[in-house]
Amino acid sequence: MAAKLYDVVVIGSGAGGGTLAAQLARAGADVLVLEGGPKVNTRTDFNTHGLPFEFPMRHIPVMKPGKPGFDGERSRGLGGKTMLWNAVALRMSQRDFKGRNYDGAGENWPIDYADIAPYYDRVEREVGVCGNYDHLEDLPDGVFLPPVPMKCTDLAIQKGAAKLGVNVIHVRKATLSRATKTRPACHFCGNCMSGCDVVAKYNSYDVQMVPALKTGRLTLRQNSIVYELSVSDEAHVKEVRYFDRETRAEGAASGRIAVVACACAQSVALLMMSKSSRFPTGLGNSSGELGKNFIPHITAGFEIFLEEFIGKPSVNDEGFLDHAYIPSFMHAKTRDYPRSFGVQFGYNNRRSVGWARTIPGMGKAYKEAVKARYPSYLTFTPYHDLLPNADSYIDLDFEHLDEYGLPRARRHWKLADGDMKLHNDAKRWSRAILEASGAQIHSGSQQPETNHEIGGCRMGNDPRHSVVNAFCRSHDVPNLYVVDASVFPNASEKNPTLTIMALASRTADHIADRLQKGEV
């Protein structure tokens, strides 16, 4: 049995769990964070500056030899996926929160932009987000550090897109363009998704949880893989059960409140595994909606060579991957489908030059052809959301257990006719922009692919059709909360992480208020 009763037990230490845990500790709550992976030293454990030629098969592993972490969905490390994200930090707009009202499709959120805007402000101030004030209705401005300059290749795309009336703006990232008292500015090594060994790029461990440890109210328990939340007869979470990743020794933790923040599919899977006679299909699933409405981002990828840069001398133009962004622009156009798309693009050749294998030729001529194209290479990726549909959901795979003997989260997704029209239009517009920019299209994806995982634990006001309420609290279990992208009732073309953090901050305020009032 658990020896101590915490105010809050948080499962997961990424964008949602780390933000919420640190804020609650600073507010005076006694918080325990259970993380399935080990403690990761940002500065020494990642191959941040590794180059392909330094490794067998030219493959750069995430972790250095002998450094555990990030080897599976249930064992990443303190800081979660914020350690390895690209840091794109975009606010969702009122249209995103009330998409059904605007487009007649999808699902409205139970909150408005005005409800979440103060929490966007709070998070941006806390973590540092650089960007330009572009005054776009569909991409609200935030609290920004100065933007980083666009690269030469970005300016070429900007010039070409302008011919079609398409706007290219500075990207917005949770990466410091200007040093603070505790963190340096980005030094543009270009390896953002392989850790950041100076923490110019935000991660929840170094930026939020380590400072919160000074309160004495935050406990971090690593290598603790949670497999079940047990409930009392009163439908309260009474115990969070876990086992040690290394020894497999079992343990349990108790809190007045339990918060699930494992990341989308893993949070859904944990709730599904937490069955009982009261909740036979998963914890808090009286609506039957748990696992349904899985709405991952859909992408189409292009690899291109900008003709004006072919044969130019190579320069150190890696930056922090993408410095520019094409925001949503289809809402103002006549079309026969709902929603829109945005485009992330950038030069990131240093760590992955797989395209070189497909360049024809041999010997000296081949090497010269690769070298000539090196400064001209660009990836160009439109993102769009997937509307909720009955064919897109998460369930458990009991036939293929993971390395810990637990069922895996299994994803199912399918594009409806409207989604496919949007996808094809995103590809058409992408090709048009690239052609107007003088690009040779080297390759393009043939089929839709998924990226950020969203949905499966829908937020809503009606307990019959949703799993959690507007404060991310379970309709069925009053001391259970979920704070990650699984609660999104509708997605957006925008990256979800900043919204996850803002929701976590809002939920932390709600929990702190309940604790102060003695409601739990």
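Along the sequence shown, residues carry numbers from 1.
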Flag if over 12 foreign heavy atoms under 6.0 Å of [atom1], [X]:
X	atom1	value
Lys312	NZ	yes
Glu403	CD	yes
Lys39	NZ	no
Gln440	CD	yes

Will you find, in the side chains of [X] and [Y], an N or O donor that is under 3.5 Å from an N or O acceptor?
X	Y	value
His452	Tyr383	no
Ser194	Asn47	no
Ser505	Arg122	yes
Thr381	Gln344	no

Answer whether the closest heavy-atom distance between the side chains of [X] and [Y] falls below 4.5 Å.
X	Y	value
Arg339	Asp96	yes
Asp509	Gln23	yes
Met330	Leu422	no
Met459	Leu503	yes
Leu139	Leu90	yes
Phe380	Ser437	no
Phe97	Ile116	yes
Met92	Phe488	yes

side-chain contact (heavy atoms from CB on, under 4.5 Å) partner of Asp419, the single match among Asp385, Asn424, Leu387, Ile298: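 It is Leu387, the one option of Asp385, Asn424, Leu387, Ile298 that forms the side-chain contact (heavy atoms from CB on, under 4.5 Å) with Asp419.
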
For Leu480, the option from Val467, Val259, Val468, Leu271 that meets side-chain contact (heavy atoms from CB on, under 4.5 Å):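 Only one option passes, and that is Leu271.
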
Nearest-0.5 Å distance, [atom1] of residue [X] to [atom2] of residue [Y]:
X	Y	atom1	atom2	answer
Ile295	Ser492	CD1	OG	10.0 Å
Ser430	Glu435	OG	CD	11.0 Å
Leu220	Leu213	CG	CG	5.0 Å
Ile169	His135	CD1	NE2	11.5 Å
Arg172	Tyr133	CZ	OH	9.5 Å
His423	Leu415	NE2	CG	7.0 Å

Side chain to side chain donor-acceptor pair (under 3.5 Å) involving Asp425 - partner list, sequence neighbours excluded: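 Here the qualifying residues are Tyr337, Arg428.
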
Non-neighbouring partners of Tyr374 that pass side chain to side chain donor-acceptor pair (under 3.5 Å), sequence neighbours left out: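 Expected list: none.
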
Trace of the side-chain hydrogen bond (donor to acceptor under 3.5 Å, both in side chains) decision for Thr48 with Asn191: CA-CA 6 Å; Thr48 305; Asn191 294 333; over 6 Å; no

Closest heavy-atom contact between [X] and [Y]?
X	Y	result
Cys264	Gly455	SG-O, 3.0 Å
Val487	Cys472	CG2-SG, 4.2 Å
Asn132	Asp141	O-OD1, 3.8 Å
Tyr120	Thr499	OH-OG1, 2.7 Å
Pro68	Val40	O-CG2, 4.4 Å
Ala508	Leu24	O-CD2, 3.3 Å

Trace of the salt bridge (Lys or Arg N to Asp or Glu O under 4.0 Å) decision for Asp121 with Arg91: CA-CA 10 Å; Asp121 290 352; Arg91 292 191 180 203; 2.5 Å; yes

Verify, without hydrogens or angle tests, whether [X] (side chain) and [Y] (backbone) share a donor-acceptor contact under 3.5 angstrom.
X	Y	answer
Glu493	Gly342	no
Ser177	Leu145	no
Arg245	Glu35	no
Asp112	Ala114	no
Ser204	Ser13	yes
Ser445	Gly301	yes

Validation row, ring centre Tyr102 to ring centre His331 under 6.0 Å: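 Here the rings of His331 and Tyr102 have centres that are no less than 6.0 Å from each other.
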
Near-ring test Phe341/Phe329, centroid separation under 6.0 angstrom: yes

Verdict with supporting geometry, Thr299 and Asn451, side-chain hydrogen bond (donor to acceptor under 3.5 Å, both in side chains): CA-CA 7 Å; Thr299 67; Asn451 196 282; 5.2 Å; no

From CA spacing to verdict: side chain to side chain contact (heavy atoms under 4.5 Å, CB included), Lys173, Val148: CA-CA 10 Å; Lys173 281 194 171 185; Val148 294; over 6 Å; no

Worked verdict on Glu126 versus Gln208 for side chain to side chain contact (heavy atoms under 4.5 Å, CB included): CA-CA 8 Å; Glu126 181 179 13; Gln208 292 168 312; 3.4 Å; yes

Side chain to side chain contact (heavy atoms under 4.5 Å, CB included) between Leu84 and Phe46, intermediate numbers included: CA-CA 10 Å; Leu84 301 178; Phe46 295 118; 3.8 Å; yes

Chi angles and distances behind the salt bridge (Lys or Arg N to Asp or Glu O under 4.0 Å) call for Asp484, Lys81: CA-CA 12 Å; Asp484 52 39; Lys81 288 189 289 186; over 6 Å; no

May I have the list of side-chain donor-acceptor pairs in residues 49-56 shorter than 3.5 Å, sequence neighbours left out?
from: His49; atom 1: ND1; to: Asp197; atom 2: OD2; distance (Å): 3.4
from: His49; atom 1: NE2; to: His187; atom 2: NE2; distance (Å): 3.4
from: Glu54; atom 1: OE1; to: Leu51; atom 2: N; distance (Å): 2.9

Among Tyr377, Phe302, Phe305, ring-ring contact (aromatic ring centres under 6.0 Å, His included) partner for His442: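 Of Tyr377, Phe302, Phe305, ring-ring contact (aromatic ring centres under 6.0 Å, His included) with His442 is met by Phe305 alone.
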
Side chain to side chain contact (heavy atoms under 4.5 Å, CB included) assessment of Tyr202 paired with Leu176: CA-CA 8 Å; Tyr202 158 81; Leu176 300 185; over 6 Å; no

Residues Lys151 and Asp322 bridged, charged N to O under 4.0 Å: no

